[in-house]
**Student:** 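Before I ask anything, here is the structure I am working with.
One-based numbering, in listed order, for ligands and for the atoms of each.
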Amino acid sequence: MSSSDLPPTPTLSARHSGIPERLLHKATHAKSLIYNGRTVADTTPLARGLPVPQGISKSAFLAAIEELRSTLGADHVVLNDQTITNGWYMEHPNTHDIMSLFDTEEFIASAVVYPGSVTDVQSIVKWANKHLIPIFPISIGRNLGYGGSAPRVRGSVTVDLGRRMNRILDINVDDFTCLVEPGVTFYALYEEIQRRGLGDKVWIDTPDLGGGSVIGNTLERGVGYTPYGDHWMCHSGLEVVLPSVGDDGKVPVMRTGMGALGTGGENVWQCFPYGYGPHNDGIFSQSNFGIVTKMGMTLMPNPGGYESYAYTFPNESDYAPLIDIIRPLRIANILENVAQLRQGLQTLTVEGRPRTAYYNGSGPIPDAVVREHQRKTPTGECAWVYYGMAYGPPHVRAHKLAIIDAEFKRIPGCRKIDPASMPEDDYYWSRDHIASGTPDLEELRWVNWMPNGAHICFSPVSPTRGADAEKLYAMAKRWHTEQGLDLMMAFLVGMREMHLIIEIVFDVTDKEMKKRAEKCLRGMIDEAASLGYGEYRTHLALMDQVAGTYNWNDNALMKFNNQLKDAIDPNGILAPGRCGIWPARYRNRGWELKGGETSTEGNGVAPVSEQARI
Ligand code: ADP
């Protein structure tokens with residue numbers, strides 16, 4: 001399909017996951033860039049047919065699907081037995097990962113079900129326990145780079161919560177809180193605040209791209225770039241459907257924090273996250289212990305002004321002394337938002353053009369080539385760029401900006417970018433939007449570096465110290481050079497800790513390149529662990545390996561997680577394998593992926609006696 005034939009991107013008024021009207025022109029442009037580089041058909045027939053999950057025959061599975069249809073309505077249960085459509089970020093599928101490291105039909109759903117209420121979610125859980133069918137909840141399913149909407153276990157039934165459960169239940173401008181259902185995206189929340197005329201008063205925090213759900217991103221411990229950037233820290237209160245059936249035949253729904261009060265929490269639920277007793281919220285984040293149907297989130301008061309700024313640094317070695325300068329400034333909140341130090345190549349990749357526009361050789365793109373092209377960009381030649389923002393009225397900003405300027409300029413050759421010199425469509429302004437809580441769509445641009453561009457992230461956490469950064473950078477550079485891959489990275493400083501975010505961009509049709517990408521990722525995970533660093537989040541294919549690095553004291557943490565899993569989900573129906581947590585039926589049967597496996601399905605599942613089922 002040529003890019004001029006592309007149908008328009010659905011907007012928010014047409015679809016809960018659509019693009020806001022104000023960004024439609026950007027979506028049209030982004031879509032044309034992606035489809036320009038695409039050589040594979042958008043829709044392909046399923047080569048392996050209906051992906052029936054392990055442990056059930058096809059006929060029993062189809063009978064179970066009919067039963068679910070009669071409970072929820074036929075329209076709300078859709079089998080995945082014909083073709084799959086890849087789409088792109090804004091029109092993503094809910095059946096599989098469009099950025100898969102493996103064959104597309106490995107991490108794939110057998111069906112998608114669309115609950116319309118908490119009661120529907122309870123019915124789905126009851127049904128899954130009765131038939132021992134794995135289910136996998138998603139809110140929007142745009143977790144791209146980490147598995148997208150795909151389940152870990154082939155043939156799981158995807159529970160797409162967002163399509164019918166997407167209400168903003170409350171926006172409270174006195175307490176600066178909101179309460180949302182799974183299908184509320186950052187785009188939708190922002191637009192609703194503007195529609196209600198509250199934009200002068202209230203800000204949201206948004207990730208680089210605004211199409212993910214507030215709930216999904218927060219449960220994955222995603223970040224944004226205002227002072228409210230740590231989403232998990234900023235949430236307050238969960239409502240969770242648990243994955244098993246109680247003795248009374250009912251599937252329990254619980255609320256955490258103040259929501260557990262007999263009144264259901266009401267006003268206080270979103271104001272105080274802890275309630276009384278153990279703070280259980282943590283077990284529902286990056287796990288497979290429950291299905292979140294409501295979440296409270298804090299909102300930021302409009303700070304009364306803001307000003308973004310950027311600095312460039314000329315030498316490759318500048319990052320280590322700079323990170324030592326950043327640390328005390330960030331901890332003291334002089335640097336007020338997630339400090340973002342991006343490596344020079346990124347100033348080219350965000351132009352949205354293919355790598356071949358700059359370089360045709362094999363192996364990582366040489367530094368001299370990067371610099372030659374950078375000279376033609378508004379940012380200019382540099383090894384690193386720092387993007388930040390100061391908040392508040394001018395006199396408040398001026399004080400902090402003066403300190404930052406003096407400190408950064410201790411690095412020889414440091415240069416402050418003049419915002420007035422930045423063209424309207426420069427990436428600089430995307431950072432400006434994001435850091436002021438306005439969701440954007442520009443971060444997609446670098447995916448076009450490769451035709452059929454896909455990406456997978458490696459994101460280890462370390463203290464914010466130059467010495468740690470040096471170890472991680474040297475390691476990443478070596479692995480990328482060995483595997484002939486371009487190193488695309490940024491250091492993101494949350495507060496005391498730093499996330500190194502490396503995106504490996506690959507051609508999803510290039511099997512050999514995918515092998516090199518996997519080798520590089522797995523090598524870095526193990527080596528980082530041996531140096532004392534671990535990932536904060538990872539792709540489905542890497543979850544077992546990453547979970548395996550958190551193995552202190554004879555795997556005490558995973559043993560505890562397994563104990564919880566067996567107690568909360570004895571039939572092992574909810575998102576088996578997610579975050580490396582396998583239910584008893586799957587455990588020790590070869591499901592873990594550590595590299596070199598030929599199947600993602602291990603040796604199937606253990607049978608469960610009729611009695612144990614419900
Ligand atoms: P996004 O909304 O950012 O697109 P996803 O819907 O893809 O994110 O969710 C990211 C991951 O978080 C999913 O793979 C899923 O395992 C988990 N998740 C998302 N929503 C829920 C939910 N409501 N309850 C439990 N787990 C969820």
**Student:** Any N or O of S149 that comes nearer than 3.5 Å to an N or O of ligand 1?
**Tutor:** no
**Student:** Would you mind telling me if ligand 1 is within reach of the side chain of I138, the backbone, both or neither, using heavy atoms under 4.0 Å?
**Tutor:** both
**Student:** Using non-hydrogen atoms of the residue, decide whether G148 is closer than 4.0 angstrom to ligand 1.
**Tutor:** yes
**Student:** Are any side-chain N or O atoms of Q270 and backbone N or O atoms of T177, one a donor and one an acceptor, separated by less than 3.5 Å?
**Tutor:** no
**Student:** Suppose I only count heavy atoms of E220 and a 4.0 Å limit; which atoms of ligand 1 are within that range?
**Tutor:** 10 (C), 11 (C), 12 (O)
**Student:** Looking at ligand 1, does G222 have a heavy atom less than 4.0 Å from it?
**Tutor:** no
**Student:** Counting only heavy atoms, which portion of N288 has something under 4.0 Å from ligand 1: side chain, backbone, both, or neither?
**Tutor:** neither
**Student:** Can R522 and E518 be counted as an ion pair, charged N to O under 4.0 angstrom?
**Tutor:** yes
**Student:** Please determine whether a side-chain nitrogen of the Lys or Arg among R342 and E443 lies less than 4.0 Å from a carboxylate oxygen of the Asp or Glu.
**Tutor:** yes
**Student:** If you measure every N/O of S139 against every N/O of ligand 1, is any gap under 3.5 Å?
**Tutor:** yes
**Student:** Does R22 pair with E191 as a salt bridge, N-O distance under 4.0 Å?
**Tutor:** yes
**Student:** I want to confirm something. Looking only at heavy atoms, which of P137, P151, S17, G162 is nearest to atom 18 (N) of ligand 1?
**Tutor:** P137
**Student:** Any side-chain donor paired with an acceptor under 3.5 Å for T43 and T85?
**Tutor:** yes
**Student:** Against heavy atoms of S213, which atoms of ligand 1 measure under 4.0 Å?
**Tutor:** 1 (P), 2 (O), 3 (O)
**Student:** Please determine, by modelled atom types, if N86 and H96 share a side-chain donor-acceptor pair under 3.5 angstrom.
**Tutor:** yes
**Student:** For the residue pair Q346 / T349, report whether a side-chain donor-acceptor contact shorter than 3.5 Å exists.
**Tutor:** yes
**Student:** Distance under 4.0 Å to a non-hydrogen atom of L219: what atoms of ligand 1 satisfy this?
**Tutor:** 21 (C), 22 (C), 24 (N), 25 (C), 26 (N), 27 (C)
**Student:** Please determine if R38 and D42 form a salt bridge, counting it only when a charged side-chain N lies under 4.0 Å from a carboxylate O.
**Tutor:** yes
**Student:** Would you please determine whether A575 falls within less than 4.0 Å of ligand 1 on a heavy-atom basis?
**Tutor:** no
**Student:** Yes or no: does F136 have any heavy atom under 4.0 Å from an atom of ligand 1?
**Tutor:** yes
**Student:** Anything under 30° is parallel, anything over 60° is perpendicular, the rest tilted; go ahead and classify H279 against H235.
**Tutor:** parallel
**Student:** Does G141 have a heavy atom less than 4.0 Å from any atom of ligand 1?
**Tutor:** yes
**Student:** Heavy atoms only: which of V292, N217, T293 lies closest to atom 23 (N) of ligand 1?
**Tutor:** V292
**Student:** Should E106 and R48 count as an ion pair when the cut-off is N to O under 4.0 Å?
**Tutor:** yes
**Student:** Counting only heavy atoms closer than 4.0 Å, does ligand 1 sit against the backbone of R142, its side chain, both, or neither?
**Tutor:** both
